[in-house]
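Working notes for the structure below.
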Amino acid sequence: MFASTLTDAIRLLATFDHRVAEIVGLSLQVSGGAVVLGTLIGLPLGACIAVGRFPGKSGVSVLINALMGLPSVVVGVVVYLLLSRSGPFGAFGLLYTPLAMVAAQTLLVVPLMAAIARQVVEDAWQRYAEELQVMRFTWWQSVTTLLHDCRHSLLVAVLAGLGRAMSEVGAVMIVGGNIDRATRVMTTAIALETSKGDLPLAIALGIVLIALILALNAVAFGLRHWAMRRYG
Amino acid sequence: MSGGPGGGAMFPIRVRGLCHAPNGRELLSGVDLDLGDEGITVLLGPNGAGKTLLLRALCGLLVPCSGTLDWGGGARPERGVMMVFQNPMMLRASVLANAVLGLKPLNLSRHDCRGSGMAVLERVGLAHRAHDSARLLSGGEQQRLALARAWLTRPRLLLLDEPTASLDPSATAEVERIVREIRTDGTRILMVTHNLGQATRLADDIVFMSGGRVHEHTPTRRFFSRPQSDEARRFIQGELPWRMSF
Amino acid sequence: MAHELLKRIRVAVLGVVLAGAAQAATAAESIVLASTTSTEQSGLFAHILPIFEKTSGISVKVVALGTGQALDVGRRGDADALLVHDRAAEDKFVAEGYGSYRRDVMYNDFVVVGPTADPAAVRASSDTSDAFRRIAGKAATFISRADKSGTHAAELRFWKAAAIEPVGQSWYKEAGTGMGPTLNMAAGVDAYTLSDRGTWANFKNRQNLAILYAGDPKLFNPYGAILVNPDRHPHVKKAAAERFIDWLTSDAGREAIASYRIGGEQLFFPSPR
Ligand SMILES: Nc1ncnc2c1ncn2[C@@H]1O[C@H](COP(=O)(O)OP(=O)(O)O)[C@@H](O)[C@H]1O
Ligand SMILES: [Mg+2]
């Protein structure tokens with residue numbers, strides 16, 4: 001049973017059609033968009049928490065760490081309620097569009113990326129804090145300097161965000177609606193094909209998903225390796 | 001902004017009764033020190049004497065639990081004090097980028113930074129490595145780069161913590177040359193070293209510390225010929241014959 | 001320089017995202033149809049929607065949910081039209097003013113599915129209530145959708161007609177999921193379940209499952225189309241949604257529905273006029 005499903009899946013991959021390409025493309029756009037926003041929001045946020053001195057700092061760190069494990073369905077429901085026509089942002093008509101999916105996934109990856117960034121930047125901050133203080137760096141100048149200095153390690157945060165975004169199904173299913181040719185991405189397509197009992201197609205899509213994530217990780221690994229050699 | 005390096009009211013620096021005792025352990029106990037506006041002062045003393053702590057107090061990283069720091073009659077100026085640490089940090093970036101790091105808070109144009117960065121690298125003999133990664137430099141080169149970084153901010157007072165601690169003789173000589181040049185540029189220097197030969201070569205006067213106290217502060221020649229405190233005498237006798245063989 | 005490269009990649013990705021968003025915003029007219037997983041998974045929409053799109057230029061975006069959820073989505077104004085199958089709930093929806101009107105569109109039927117070994121001898125049932133009583137009598141595992149879908153509502157009606165209270169029994173498993181996942185579960189553990197014929201016909205992972213009982217008029221499963229009330233939700237695309245509902249009940253639409261077949265078998269039948 002398992003072996004035959006797998007061979008069927010591989011046979012399907014050989015006849016990769018443009019519908020699958022469309023789904024893969026939308027996945028990359030939505031998750032890529034979420035990770036770009038997550039990078040712009042999550043990494044500075046994590047760095048600010050690492051560098052900043054404010055009351056409740058450890059509480060915020062714990063909260064961010066806990067939010068890393070936020071179930072994607074919960075994020076989906078929250079974003080659904082916000083974007084629904086009867087919700088506060090209903091007037092924009094964003095529900096069941098790719099933008100809604102980007103919003104939901106952004107919410108999902110920001111805590112993850114911020115938590116990793118906080119850890120990475122905090123380690124660097126321990127090492128640099130006194131010297132930057134002597135040079136009279138402002139708080140924000142320290143944040144930007146550290147973010148830039150940790151850029152290669154922060155690639156891990158970006159990759160983790162991308163992995164989480166590309167592999168989650170709960171949030172995009174709810175706010176995107178898994179609409180054919182509009183909001184269907186790899187994970188919701190896999191869920192649908194599984195529902196239909198079409199396991200070979202589900203597994204074929206799963207293989208594509210894993211291959212993509214693997215390829216992205218390999219590129220990032222290579223980039224990081226190169227940077228390590230270049231910058232020490 | 002007031003109190004910039006141009007302000008004249010920084011010297012003399014007067015340290016009186018400086019104490020630092022975290023968790024009840026007295027690490028600095030009543031340190032007194034006067035620094036005029038010129039020259040190189042070398043801070044000597046055994047490991048654990050509190051030398052690094054004193055430098056950290058002078059650049060504001062350490063808030064003492066009692067005692068006063070008086071800068072020419074006022075508070076410590078916002079800018080004008082710089083410190084080079086024993087193991088200076090190096091950003092994962094080019095030598096040039098590391099050299100101009102201290103200018104970042106001044107919000108200069110990128111072009112100005114570059115120009116002055118190249119100039120200072122020239123003076124420490126690292127211009128040819130400006131675009132290499134700073135972390136790939138040797139220990140001596142990194143120390144020179146750290147000096148360049150501090151120098152570029154034109155400090156009135158420069159604190160150096162064992163800048164030649166792990167360098168070979170020629171790298172040490174290079175660092176000494178740069179320290180002299182910075183002094184000639186008008187920067188007051190207070191440096192820690194365990195190299196007594198280096199102290200005799202560079203210092204105008206010597207501050208001797210041990211056990212969290214300053215035991216004496218005398219001109220260099222007199223310190224080595226007629227040390228006044230018992231501790232200093234024993235310190236020199238333990239070290240001097242061996243160091244003199246240079 | 002890695003830094004420059006990263007910057008350029010970032011800019012490129014942002015560009016792609018924005019382009020995608022702009023493209024979505026400028027697409028041709030479209031309506032959102034909240035419908036049921038059973039219709040979507042039967043493959044019906046993939047067959048009829050391209051036909052409608054070609055004649056009208058309106059694209060129909062189907063969000064497939066359980067009937068209960070689909071009605072909720074309509075209640076919140078997040079869809080323009082509904083195509084669902086729970087007559088009582090549909091009438092209530094319209095009566096409460098959430099929908100403008102309801103039209104009969106088509107019907108199919110439910111089938112009782114179970115392991116070919118048929119330990120409860122459901123094949124020999126005289127009617128639907130008998131089939132359900134046999135399953136309960138043998139305490140044979142039964143998997144319920146339990147997701148407030150039309151199929152779930154129908155199943156609960158059948159238990160009631162058989163005078164059985166299955167909830168809480170050890171052999172009665174409430175899956176809380178769509179038709180397909182429920183069939184996957186039943187296939188995995190050789191259990192009985194109730195399915196609509198469309199999803200079953202299009203379901204590939206049958207393993208030991210087969211239709212054991214069908215054909216009772218009580219298993220009739222009518223689908224209705226509802227226009228979400230534009231008076232309550234002014235953004236509803238009334239004209240386009242009405243055009244779709246009119247088309248579904250027109251000769252062309254009925255023809256399209258009737259022509260959808262899997263393996264020669266017709267799955268949906270246009271409602272009689
Ligand atoms: N943050 C600290 N907390 C506790 N003890 C410290 C701290 N920093 C330094 N010390 C102790 O203070 C003493 C003096 O340290 P330091 O000034 O670094 O000595 P040195 O003269 O060798 O530079 C040492 O015994 C050291 O262990
Ligand atoms: Mg020290």
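To find a chain, count down the sequence lines: A is the first, B the second, and so on, and within it residues start at 1.
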Using a cut-off of under 4.5 Å for heavy-atom pairs, which of A:A191, A:G25, A:S84, A:G177 has the most such pairs with chain C?
->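 Looking at each of A:A191, A:G25, A:S84, A:G177 in turn, A:S84 comes out on top.
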Check the surroundings of atom NE2 in C:H235: do more than 12 heavy atoms from other residues, nucleotides or ligands lie under 6.0 Å from it?
-> yes
Side-chain heavy-atom pair C:V63, A:Y96 within 4.5 angstrom cut-off | yes
Decide yes or no for C:K204 and A:L201: does some side-chain heavy atom of the first lie under 4.5 Å from some side-chain heavy atom of the second?
-> no
When only pairs under 4.5 Å are counted, which of C:R76, C:R206, C:Q41, C:H233 shares the most heavy-atom pairs with chain A?
-> C:R76
Among C:V73, C:L33, C:V32, which has the most heavy-atom pairs under 4.5 Å with chain A?
-> C:V73
Check whether C:A79 gets within reach of chain A through its side chain, its backbone, both or neither, counting any heavy atom under 4.5 Å.
->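 For C:A79, neither part sits under 4.5 Å from chain A.
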Is a donor on one side and an acceptor on the other found under 3.5 Å between the side chain of C:N184 and the backbone of A:T194?
->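 Flag set: sc C:N184 to bb A:T194 pair under 3.5 Å.
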Side chain, backbone, both or neither: which part of A:L81 has a non-hydrogen atom closer than 4.5 Å to chain C?
-> both
A:N178 portion near chain C, given a 4.5 angstrom heavy-atom threshold |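 For A:N178, the backbone is the part near chain C, not the side chain.
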What are the two closest non-hydrogen atoms of A:L192 and C:E40, and how far apart are they?
->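 Smallest interatomic distance, heavy atoms only, reads CD2-OE2, 3.9 Å.
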Approximate separation, where rounding is to 0.5 Å, of C:K61 NZ and A:R184 CZ |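 The distance works out to 13.0 Å.
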Between CG of C:L65 and CE of A:M173, what distance do you get to the nearest 0.5 Å?
->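 Taking CG in C:L65 and CE in A:M173, the distance rounds to 9.5 Å.
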